[in-house]
Asker: 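Just passing along the structure, written as structure tokens.
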Amino acid sequence: MNPIDDYITLETRRQFFQKSAAGLGGAALASLLGTEKGIAANASFGKMPYHHAPKAKRAIYLFMSGAPSQIDLWDRKPEMEKWFDKDLPEEVRDGQRLTTMTSKQARFPIAPSIYEFQKHGQSGTEVSELLPHTAKMVDDIAVIRSMWTEAINHDPAITYIQTGNQIPGNPSLGAWLSYGLGSENENLPSFVVLNSTWSAKRDAQALYQRLWGSGFLPSKHQGVALRSQGDPVLYLSDPKGVNRDVRRTMLDGLQQLNQKHYSEVGDPETHARIAQYEMAFRMQSSVPDLTNLSDEPKHILDMYGPDVTRPGTFAYNCLLARRMAERGVRFSQIFHRGWDQHGNLPGDLPLQCGDVDQPSWALVQDLKMRGMLDDTLVVWGGEFGRTVYCQGRLSKENYGRDHHPRCFSVWMAGAGVKGGTVYGTTDDFSYNIVENPVHIRDLNATILHLLGINHERLSVKHQGLDVRLTGVEKAHIVDGILS
Amino acid sequence: MNSSPDKSEELSRLASAMLDGQIADADLARLAELLRDDPEAHTEFVRLSELHAMLDSEPAIQRSLLEDQLPENVVSLSGSNPVPPSQSSKEHIPHPRRGWKIALGLAAVLALGFFLSQQKGRFSDASPSLAQVEPVLKSLDGPPLDSDTLPAETYLPDEEKPESQYERAILASLGSGSQQRPPTNFTAEPSADREKISYNRDIRPILSDNCFSCHGPDEHGRKANLRLDTRDGAAEGETAAVVAGSPDESELIARILTTDVDDIMPPPDSHKKLNPAQIDLLTRWVTEGAEYEDHWAFLPIANSAPEDLEVSEIDYFVDRKLDRHRLSRSPEADRRTLLRRITLDLTGLPPTPEEIEAFLADTSDEAYGKKIDELLSRPSFGEHRARYWLDAARFGDTHGLHLDNYREMWPYRDWVINAFNENMPFDQFTIEQIAGDLLPDATQSQQVATGFNRCNVTTSEGGAIEEEFLVRYAVDRVATTGTVWMGLTAGCAQCHDHKFDPMTMRDFYSLLAFFNNTTQPGMDGNAKDSPPVVKVWNSPEQKKKADDLRARIAGVKKSVAESLKIFVPGEMTFEEVAPDIFDHGRQDKASDRGASGNFGKGDAFSVAFRYSLPAEDGRLVLAGRTDPDNSDRGWRVVWEDHGMVVELIEAFPGQMLKRGMTRRFRPGSSGHFAFSYDGSGTSDGIQLYQNGAPVSSRFVNEWHDTLEIDFATENARLLVGGPDSTKKLNSTIMEFVLHDRRLSDAEMKAYGELYVTRAAMNKPLEKRNDKEKTQWKNFAAVFCEGPYREGILELAALESELSKVESHVPTTLVMAEKPGEPAKANMLERGEYDKPGEEVTPAFPGFLPGLGDSPPQNRLDLAKWLVNPEHPLTARVTVNRIWQELFGVGLVKTAEDFGTQGENPSHPQLLDWLARGFIESGWDVKQLYRTILLSETYRQDSTISQEMAKHDPENRLLARGPRFRLDAEVIRDQALYVSGLLDESVGGPSVKPYQPGGIWEAVGYTNSNTQTFYQDFGPSAEHRRSLYAFWKRTAHPPNLAIFDAPNRESCIMRRERTNTPLQALVLMNDPQFVRTSRWLALRIIGETEDRDERLDAMAELVRGRPLDEDERRIIVNSLDQFQNIYGSDQTAAATLLVDEVNSEFSIPLTDPQRAPELAAWTMVANQMLNLDEAINKN
């Protein structure tokens, strides 16, 4: 019998024991299964019961690290032109705590966006001139202008939106999804992370492996960061001088030895290990296949723009994300750094938009052309917003913006999302939310919801608590953007 | 699968419906039919169920499944009649059979669970009588459900096979208590009176899981003013929910039985449900009088070992438990396995073949004990123990947040290693780490120990609010101390009274007060030595010398200031005074200043110049003397990444000292830059000056001193200014000077002001203002012979000497109290730093025994309290953690949580006996290891029968010896060790062995000094034990991370142990592991020519025993194939022998003919190092 099938049968049994959530049911089921033999194994990858019918089978999260300026991209505030260099009214700020970068500033002069906005599509969604490609697809996307968070600095804020807690230690969104939904593809990880190069100034906020870490979940759920230099997956390549025959020979012998050891010692983990070696062997071909773009036609490559063939660019990563979606990767997350425009925003923001605008658009189009947008969720956004008032020197042409947690903009597209939607309203200063606030935990709850998961029921007992991605405060699904 | 897609889809739909509890009767029948007819459908269904269980653990199913798997129940189910017979349990449980019956049964029990739990209406139509839903499986440890008619022995027929016994026993021992536990949750030993319900064992887990979050200790979140965690709250007063003895009158029971969705408890939106067995337990408990007990872990430690035992106490307690399950221990493991087990457990390294031989030869009774003592005395013992402790201490080499810069902390690690090796009693170990600084006349070592509480992550993010982070640090310290010493999840009480444990918010902030009196700033300044720190002197003499020098420097400074006052500049021109300086204009070529400036590691020297940078961005060498033919050996000043960087290079990149500033020097800017080097051989010895003033290097780009030998070179020219070879950039360098000594600050200032002084001097005397006059006076004083100049030269020399004395003196982060201020804290509303409430003073949690009458003052009192023999937690938590190291799972599985939400101990009396013994031994750590290792329980064979694997995968009953995968560090260390490469030197700074490129860069903040990974080269870095690997917390070493090494951002008491394909890739392909394969092969080949002897020797090295015939046949087969492949491809063979990381470790090949042999054996070694047996402890 096929040892892999044998393993998976065993593995299933084993997992019953190990999943704390499976509990006694697991034990009982396993005892029922104890003497089962010869069951065909890899039949049901990708089939599972959800909490409810999922709209999305997978998700792609385009994360703009550093916090893009909502005022210059999505949240048009024409009134502000009259307010140039005037102080932000005290009542608007309303005691809001500030970062220590501007809390000592003598004035809070308003810096209107210098960018033109136009209405686009049938929905008439207003989009900045900095995002001309994204503007073409507004009828496919839902823009939330009323996102908010409590965190005012990058490290806590990005940790918060990715893990549901400002303090390190909790599982990331992707890890929760991997834990909850498992894998659709046995040759690739279920959660993949792609880090991108960026064009604005070199000084960019850090990322942390905790942002795709597994926290207190088993570490197999942590995101696998695909790399743009060297092996796409760490240690994937055989050493120089070891060809496939040599590796196969080594593995065949290893498998026999481990099998023999299993028969003597009887530890099911040994069987699991045999299977993991086989999967590693398969990954050695499936991953290069994933990153080999030679089968992509020119018109597809052109759609993503000229950077698409340069590994590590946002365009390249978007194309990879589509290829992974096709191969059943549950969740891929592309990080793009460099959005922290404290100063020289007009110098840097266009460069950043230049990196992501066309590829984001192309990704959605590409999915759509393949009929995959119907069951793929795409999310675009950062960790907080930016202030309407200027940080540093203000001129007609140049300004900078500090961190702003009270409102920012995010867009979503694809499975279950109502295209052409604009959700939530902010005041004239893009400072406070006037209507339909969406906390970051609401966003996460909505993402889980679209993937068929009830965020209140996806929990793991840790340190005596039922810990959830969305935390202890009540989170709400953003029904207004759902189709 | 072969089933049709339609069928598969139907199955999926039905299963989903059923698992969500929304299945119609007809569909249920159809589902049962599907499962009955198609074994593959059955398999798929199981998988669906499993995944569902992952998503959502429905309590009811869990319990019902266990209880209702009996065939009688199964038969009774016809889809629409889910009611089980109630008197079916007198039969013994048969061994499960395969086939359709199981499939049906499975569907049935799952369905049953749902009907019981979710469709209560069906029952309530008739009556909520418990008889109908009475669980049928009687738990051996738990209370018999109907003991009059069903004595335990009734269903244990004598002819039962051992496997069945085992299986049944395990099943029986599961399940009492909290339903969401993993399957191996063992309850407390049953009380003498086996009939009686125990609150701790049976009731508290149910209440804790389902009720306490609204009706528990937290008075703020408490609903309906009802408290169920105390008898007073539940059974007294007007809101009493429990009427002892009368379940019918108890609101508690009524509310869990009702079908009214508005009244039912737990409320539906909690997603919690009680199952029939739990309801029964609660009812019986009320009937029996609703007696409460204190939580076991908070009760005094018992000492209940009987005297005159024939076996060790450990074995006695284990046997008692096994007896109860009619099981017995496994035989002792063979001697080879035992030796490997104890050697790995005590040192983290395997035994050598020589040690194996000696051990096998010593057949005396004392051999085993003697070997343990010998292993306990090795330095590797302390290293191995420290590795576990550093997980708990959250030790890392970087700050962890935002920039994640380097933090100099390794002396604390050395302290931990030494403490274990010296067998420091655990009470002292505790006191020194928590409060070493507060001990009278605290020694340097005692201060270093307090680094434990400085290991937490810190930040200096621009914009961060200081007060907020100071609160976070203190919270982390309370949480970590709570977890490590007491197994308490104290952090929960930051925002509200603990939901499950009696820890109140006041308790929490009273503990926080102990840590709230620190001198530490909220922002760490991104510095490696964020205060408070101590210098770690090698010797008292070294410290005294430094103190003396500092005193002399202070004296000279004073006299220098005096002599400047009386200095009068004569009638001299600028040119007469100023030294020789050199100007280099902007041109395409550097000015060649000849061969001068050849300085080396031990030479002090200084360079100063005025610069004007190019208008374009780029990297540019401004001045230097390097040898391009010899890895740029020499020294230079470089402008790169907008930073000014001094490099003293032995071999570029990597082996050099580097110090610089960043974000200061924009394209097109100009200014004056200088540096002096003191000849100390460390980057600390490089002092930078900007515009004449000393500047702290904002970022030390290269934090680690990797200079191994020297940077002097004859073959280089001193070049000033000039283009970068690639970008055609050029700069203007003026006023360039070079000195073969360290310049004084006064001289540097004078050079920095050359430009303005010269301009002033060009004015006629009468037009100079006072400022310009003073400037000239100061300038001339520096350069004219006289007492002032003598003074500043002496000063420079003394400072240089001090700098040398202090070089290589590391700092380490410590705790320090604000002098004279009493420790206190404010309770924070909802835990938020900007909502301070009532002030509290240090105090111990009220639910634990105190310490004397006077109120505690500081951390020292806290530490003494923790190790007070009456403290119920410290010793229990500690012995449990050590047990976990040795057996893979603690006696309390939740090693980090001894509270009511944690698991009960599997062997509570054993735990207490160990804890009491530990205290009475004077907290003797080595003795504790010795005691456990000497037990027969530990020495058991670890072979796992199929039944054991199924029912006790984690070996909680201890019917076999420990077997589990080695930790990340041990796997790597073992590979280095058996290949003969391991550098066994103990202690010192962290090292950076190879890792694939781009890992730090992908995540690092661009201005972090750990943004770029520079590998350290050479055996002293590449082959050190993994304990010394540099731990960048936002990206820790990847080959260790893949084997579950935690990132150490927070306290970890228990590592995950996963099994993934990425691990296979590490062991097969990581250049570090490939290197060990090569060297293991070379080592073996050198020992003998005989193939079989070679194979045996290799196997013995790697896993402690030679090959048997079958194994030999398999490996020889592989070897033959490797030899065939490499015999016909010599190039591939030669390629495999080249080390791609460091050619120093390539296999030297004098005879190319031998390449295929070496390559083939390398692959055999690779195969062996990948063996399951090699990476497991057996």
Side-chain angles (χ1 to χ4, degrees), chain A residues 17 19-25 27-28 31-32 34-36 39-40 43-44 47-49 99-101 153 155 168-169 180 195 202-204 206-209 218-220 229-230 234-235 239-241 249-250 253-254 256-258 261 265-268 270 272-273 276-277 279-280 457 463-464, chain B residues 1 12 16 19 40 43-44 47-48 51-53 55-57 61-62 65-66 69 96 98 102 175 182-183 401-402 461 463-464 489 500 901 943-944 949-950 953 996 998 1002-1003 1005-1006 1034-1035 1044 1049-1050 1056 1058-1061 1064-1066 1069-1070 1074 1114 1118 1121 1132 1135-1136 1167 1172-1173:
Chain A
F17 294 113
K19 293 286 172 293
S20 60
L24 298 172
S31 79
L32 286 167
T35 49
E36 286 286 331
I39 298 164
S44 64
K47 294 206 192 75
M48 70 194 44
T99 78
T100 50
M101 285 177 289
N153 282 298
D155 182 331
N195 290 310
R202 266 193 90 255
D203 307 341
L207 298 173
Y208 318 98
Q209 288 185 349
S219 53
K220 69 178 178 182
Q229 72 175 93
L234 284 170
Y235 313 112
K240 292 196 182 74
T249 302
M250 177 272 187
L254 181 69
Q256 291 171 44
L257 290 164
N258 282 346
H261 190 58
V265 177
D267 188 348
T270 308
R273 187 153 289 113
Q276 301 299 6
Y277 274 87
M279 176 158 168
R457 290 166 71 186
Q463 297 207 332
Chain B
M1 93 186 256
S12 177
S16 294
L19 291 166
E40 291 177 8
T43 310
E44 181 161 345
R47 194 163 289 113
L48 294 168
L51 289 162
H52 186 272
L55 277 170
D56 180 17
S57 53
I61 315 183
Q62 318 278 332
L65 267 176
L66 176 64
Q69 59 179 318
R98 73 196 71 169
I102 296 169
L401 295 177
H402 198 236
E461 178 168 358
T489 55
F500 310 106
Q901 284 292 93
T943 300
I944 312 175
K950 269 192 297 183
V1003 297
Y1005 190 94
T1006 37
T1034 58
D1044 303 314
E1049 283 177 339
S1050 56
E1056 290 288 341
T1058 62
N1059 192 346
T1060 71
L1065 292 173
V1066 171
N1069 299 333
D1070 177 5
V1074 178
I1114 296 167
S1118 295
Q1121 291 188 57
T1135 309
L1136 178 57
Q1167 193 175 47
D1172 185 63
E1173 198 179 350

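Just the heavy atoms: all of them, side chains too, but no hydrogens, waters or symmetry mates, feed the values below. Note on naming: letters A, B, ... go to the chains in the order of the sequence lines (proteins, then strands), and numbering restarts at 1 for each one.
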Asker: First locate atom CG of B:Asp1172, then atom CG of A:Leu257, and finally report the distance between them rounded to the nearest 0.5 Å.
Answerer: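 Output value for this atom pair is 10.5 Å.
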
Asker: Minimum heavy-atom separation for A:Tyr235 and B:Asn1069, please, with both atom names.
Answerer: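 For A:Tyr235 versus B:Asn1069, the nearest heavy atoms are O-ND2, 2.9 Å.
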
Asker: Ignoring hydrogens, what is the shortest heavy-atom contact between A:Gln209 and B:Val1003? Give both atom names and the distance.
Answerer: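 It is CG-CG1, 4.4 Å.
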
Asker: Got B:Ser1118 and A:Leu254 here, is their nearest side-chain heavy-atom distance under 4.5 Å?
Answerer: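 Sidechains of A:Leu254 and B:Ser1118: no contact.
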
Asker: How far apart are the closest heavy atoms of B:Asn1059 and A:Ala272, and which atoms are they?
Answerer: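 Here B:Asn1059 and A:Ala272 meet closest at ND2-CB, 3.6 Å.
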
Asker: Which heavy atom of B:His402 sits nearest a heavy atom of A:Ala206, and at what distance?
Answerer: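 Taking every non-hydrogen atom into account, O-CB, 3.7 Å.
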
Asker: Specify the closest pair of heavy atoms between B:Ala464 and A:Thr100, including all atoms of both residues, with the distance to one decimal.
Answerer: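 Heavy atoms of B:Ala464 and A:Thr100 come nearest at O-OG1, 3.2 Å.
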
Asker: Quick check on the interface: out of B:Thr1034, B:Thr1135, B:Val1066, who has the most heavy-atom pairs with chain A under 4.5 Å?
Answerer: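 Going by pairs under 4.5 Å, I would pick B:Thr1034.
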
Asker: What's the shortest heavy-atom distance between B:Ala1002 and A:Leu207, and which atoms?
Answerer: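 Looks like O-CD1, 4.1 Å.
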
Asker: Tell me, side chain or backbone of A:Asp267 under 4.5 Å from chain B's heavy atoms, or both, or neither?
Answerer: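 Contact with chain B involves both backbone and side-chain atoms of A:Asp267.
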
Asker: Measure distances from A:Gln229 to the heavy atoms of chain B and classify the residue's part below 4.5 Å as side chain, backbone, both or neither.
Answerer: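 Only the side chain of A:Gln229 comes within 4.5 Å of chain B.
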
Asker: Go through the atoms of B:Gln1167 and report whether side chain, backbone, both or neither lie under 4.5 Å from a heavy atom of chain A.
Answerer: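 For B:Gln1167, heavy atoms of backbone and side chain both lie under 4.5 Å from chain A.
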
Asker: If you round to the nearest 0.5 Å, how far is CD of A:Gln256 from CD1 of B:Ile1114?
Answerer: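 B:Ile1114 CD1 to A:Gln256 CD: 5.0 Å, rounded to 0.5 Å.
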
Asker: Which one of A:Thr99, A:Asp155, A:Asn153 has the most heavy-atom pairs closer than 4.5 Å to chain B?
Answerer: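 Among A:Thr99, A:Asp155, A:Asn153, the one with the most close pairs to chain B is A:Asn153.
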
Asker: Would you mind telling me which of A:Met101, A:Met250, A:Lys240 has the largest number of heavy-atom pairs within less than 4.5 Å of chain B?
Answerer: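 When all of A:Met101, A:Met250, A:Lys240 are compared, A:Met250 has the most.
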
Asker: Taking side chain as everything from C-beta outward and backbone as N, CA, C, O, which of these in B:Glu1173 sits under 4.5 Å from a heavy atom of chain A? Side chain, backbone, both or neither.
Answerer: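 For B:Glu1173, backbone and side chain are both near chain A.
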
